[in-house]
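Right, one structure below, let's go through it.
We number each residue from 1, following the sequence as shown. All figures in this text were calculated on a predicted structure; none of them were measured in a lab. For ligands, and for the atoms within them, numbers begin at 1 and follow the listed sequence.
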Amino acid sequence: MSKRIIESYKKKLSSEEGYVVSRERGLRIALCYPNTHGIGMANLGFHTMYELFNSIPDVVCERVFLPDRAELAEYEKSGTPLMSLETQSKAKHFDVVAFSISFETDYLNMAKMLRLADVPVWAEERDETHPLVIMGGAASFLNPEPIADFTDVIAVGEGEILAFQLVDAIVENDSKEEILLNLAKIGRGFYVPSLYDVIYNDDGTVFDYLPKQIGVPKRVGRAVASVNPKEGTLRRALKHGETELADFLLSQETFCPSTAIWSPEAEMGDRLLVEISRGCSQGCRFCWAGYNYYPPRVVPAKDILTKAREWRSKTNKIGLVSTAVCDHPEISTILRELRAMDYRISVSSLRLDQISDELLDALVESRDQQIAVAPETGSDRLRRVINKNLTNDEIVDICGAVFDRGMLTVKLYMMVGLPTETDEDLDEMFVLVERIKDRMLEAGKKFGRAGKIIPSLNGFVPKPNTPLQWDAICDERELKRRIKYVCKGLSRIPNVEVRYMSSRIAHEQALYSSGDRTVSRAIDAAARLGGDLARALRETGIDAAFHTSRDRSYDEFLPWSIVDSGLSFEFLKTEHEKARESLSSLPCPAVEKCTTCGVCPSTWLADAPEGLIQIQPLKIQQALAAAI
Ligand code: SF4
């Protein structure tokens with residue numbers, strides 16, 4: 001054991017508050033974040049899982065991170081196996097090693113951490129003496145296949161449900177075999193890759209997944225946390241003045257995902273992060289978060305404000321985490337009360353169509369955040385392709401509202417390589433940015449200064465379980481050309497500072513998000529080769545283009561189909577066809593009895609066997625029935 005690493009960990013702990021140290025309890029979980037402490041502690045999902053696991057009697061959960069550069073050198077020099085932060089215990093001695101993975105790009109770090117922990121990377125090489133290795137988080141249930149062979153169990157869905165079921169299964173079964181089989185048989189929420197044979201067609205595409213044991217389902221359903229009142233139900237109740245129903249929904253006790261550990265040295269560690277809603281109603285066709293967190297749900301204002309009050313003595317900064325902040329039916333109350341508490345408010349993302357005056361006022365007042373908005377493209381036609389229902393005129397007006405408040409710098413998220421994109425579409429990006437810049441200069445006269453427009457270009461990466469999942473990513477060379485073309489065009493505009501992601505990184509992301517089980521070999525090799533994916537692909541003979549760069553037919557069995565996200569094939573296909581015709585669709589209405597995309601009938605309102613998911617609480621059903 002290296003004393004230097006122990007000292008470094010103790011120093012980190014000395015600046016933190018709220019972590020749990022206990023050697024008393026039974027089940028020990030090493031919760032791993034596949035990146036450094038500074039980055040991991042900015043991840044709200046990681047905080048949430050830490051709080052959930054530690055809230056279960058008989059469980060103690062500690063954190064494990066990818067060592068930073070200095071720690072890594074020390075780990076390698078001393079031969080110390082990877083340790084937990086709280087008690088500096090070896091990760092390999094925990095009962096469970098659970099990774100929380102939000103981004104596919106962290107897969108390499110995950111493999112590296114297993115190796116550092118001295119835990120065999122491949123599931124088939126582990127036995128009863130090794131910890132159970134579990135992967136959870138958004139990336140892993142979007143498409144679990146590229147990491148399937150590393151993993152004993154993949155959590156498919158949301159932690160609020162799955163943490164408890166997982167612990168029950170581990171505590172109540174004796175052998176690893178029994179744990180895995182019982183989890184797999186639940187049918188929703190737990191995917192055990194070793195209990196399936198993957199059958200391939202001659203052309204290398206997946207033919208099917210065959211369960212190896214009786215009772216193991218053909219597809220694994222996504223578990224949806226449904227204790228929160230539906231956004232639409234609450235919104236309608238408030239709109240129609242159904243105060244009794246609204247009060248009832250709002251009085252339900254809701255787990256409010258928020259910062260669990262005060263960690264001021266981490267990124268954003270000096271603020272309270274609170275998830276105010278999950279899922280977005282808009283249905284942008286490229287957005288994995290929108291579709292894979294359907295239906296949109298909210299945390300009631302009272303629970304958010306209770307958290308805010310608890311933390312106010314520690315910090316005056318609060319970050320509202322949501323894909324659609326202004327969709328929250330009580331956003332006015334939340335902002336008003338937070339401002340009354342003298343909080344400086346920031347938001348994780350701003351959806352352009354929903355920016356309200358009161359939110360802008362709150363953000364300006366907090367002086368804490370550069371405004372970032374996402375026009376995605378400069379072409380109104382392409383915006384219909386991706387179902388982002390906004391026009392360039394509206395975008396310029398919204399940016400104008402930001403500039404008129406004295407915030408003269410905006411960041412614009414843009415994508416290059418969208419399906420059906422032409423150079424004419426890219427040229428429209430120049431026109432849009434020029435118009436926004438002119439509007440900024442006009443507003444700037446009032447304040448006697450000029451700001452900056454910062455377009456941030458990303459290559460479009462087709463994501464599983466979205467309507468664009470069948471599309472190929474734009475060819476790497478062509479994507480590079482387009483990014484260069486846009487960068488050059490935008491750089492000519494004064495007061496514009498362009499940032500971009502390389503086409504190579506976009507292609508790496510596409511491989512990790514759309515690959516099948518064979519891709520795990522490339523991940524393992526790249527992790528061993530210091531991140532050199534090109535060499536890893538050569539050495540393993542994996543053809544990345546096969547996974548990323550071909551349009552897939554509707555008949556192809558997609559590798560991620562092992563997960564049933566609840567979205568129906570017909571819905572996704574129709575949305576894909578509409579994209580091809582540049583036709584937009586209406587947003588998710590988030591109302592009872594809607595069957596549009598298939599998620600509510602198959603998850604939220606499903607007559608799933610008791611105990612599989614928490615469906616809408618009976619009391620809410622009764623209150624709804626009484627209100628009709
Ligand atoms: S079924 Fe309807 S309400 Fe439910 S998530 Fe889909 S579109 Fe939204």
Would you mind listing which atoms of ligand 1 come within a distance below 4.0 Å of any non-hydrogen atom of [X]?
| X | value |
| --- | --- |
| Y294 | 5 (S) |
| C600 | 1 (S), 3 (S), 4 (Fe), 5 (S) |
| P295 | 5 (S) |

message: Between Y413 and N458, is there a side-chain donor-acceptor contact under 3.5 Å, judged purely by atom types and distance?
response: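 Checked: N458/Y413 side chains show no N/O donor-acceptor pair below 3.5 Å.
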field: Side-chain donor/acceptor of E51 to backbone N/O of H47, under 3.5 Å
entry: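 Flag not set: sc E51 to bb H47 has no pair under 3.5 Å.
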message: Determine whether a donor-acceptor pair (N or O, by modelled atom type, separation under 3.5 Å) exists between the side chain of R222 and the backbone of S565.
response: yes
task: Measure from atom 8 (Fe) of ligand 1 to each N, O or S atom of C597 and report whether any distance is below 2.8 Å.
output: no
query: In a check of side chain to side chain donor-acceptor pair (under 3.5 Å) between D471 and each of R285, R580, R552, which one passes?
result: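 For D471, the side chain to side chain donor-acceptor pair (under 3.5 Å) check succeeds only for R580.
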